[in-house]
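Report on one structure; see the data block that follows.
Only a predicted model underlies this, so the values are computations on that prediction, with no experimental measurement involved. What you see below is based on every heavy atom in this structure, not just the backbone, and it leaves out hydrogens, waters and symmetry mates.
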Amino acid sequence: MRHALAEMLIRGDVHDPVLEGHMITVPEVRMSADLRLATVYVMPHGGRDQAEVMAALNRNIKFLRGALARSVNLKFAPEIRFRVDERFGEAERIEKLLRTPTVRQDLVNKSPDEKAEENE
């Protein structure tokens, strides 16, 4: 599902001016146990225009569902729900936190016992 959807977006199969003007990453698709619901996590390149991209994807759900049904061998075409992938923002927040002076100081000023444990 993820590969098929990503391919459609890369090829420009969805004729929507908002989607044509954005690169969209599809890092994950979660399928329900009965394969009737696909939750698609997406992130526009650079995280910009998220609301516009999500609105465009939701406008084109019927087309995408039909195209996925033809390209993926499933008994039923799953219902599609789009969600913004928040992991990119969370990773950036953690990276900034690790670069703060307080955390850097803690990493540099380890006790000899802590350093010995790391080397074992």
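- If you take CD1 on I10 and CE on M23, they are separated by 7.5 Å, rounding to the nearest 0.5 Å.
- Smallest separation of non-hydrogen atoms from M8 and S71: CE-OG, 4.5 Å.
- The nearest pair of heavy atoms linking D85 to P27 is OD2-CG, 2.8 Å.
- With rounding to the nearest 0.5 angstrom, the CG atom of L9 is 9.5 Å from the CG atom of N60.
- Two residues are said to be in side-chain contact when any heavy atoms from C-beta on lie closer than 4.5 Å; M43 and I24 fail this criterion.
- In this structure, NE2 on H22 lies 10.5 Å from CG on D16, to the nearest 0.5 angstrom.
- Side-chain atoms of R83 never come within 3.5 Å of backbone atoms of T39 as a donor-acceptor pair (strictly under, hydrogens ignored).
- Hydrophobic cluster membership differs between L64 and L37, with clusters built from Ile, Leu, Val, Met, Phe, Trp and Tyr side chains linked at under 4.5 angstrom.
- In this structure, CZ in R2 is found 10.0 Å from OG1 in T25, a value given to the nearest 0.5 Å.
- Of the possible donor and acceptor atoms, none in the side chain of R36 sits under 3.5 Å from a partner among the backbone N and O of E79.
- Residues M1 and P78 come closest through the heavy atom pair CE-CG, 3.6 Å.
- Of all heavy-atom pairs between V26 and V40, the closest is CG1-CG1, 3.8 Å.
- Distance check: E52 CD to L19 CG gives 10.5 Å after rounding to the nearest 0.5 Å.
- For the pair Y41/R30, a side-chain contact is recorded, criterion being any heavy-atom separation below 4.5 Å from C-beta on.
- Shown here for V42 and F82, the closest heavy-atom pair between the two residues is CG1-CD2, 4.0 Å.
- Contact record, V14 with F63: CG2-CE2, 3.8 Å, taken as the closest heavy-atom pair.
- Here D34 contributes atom CG and F76 contributes atom CZ; the two are 9.0 Å apart, rounded to the nearest 0.5 Å.
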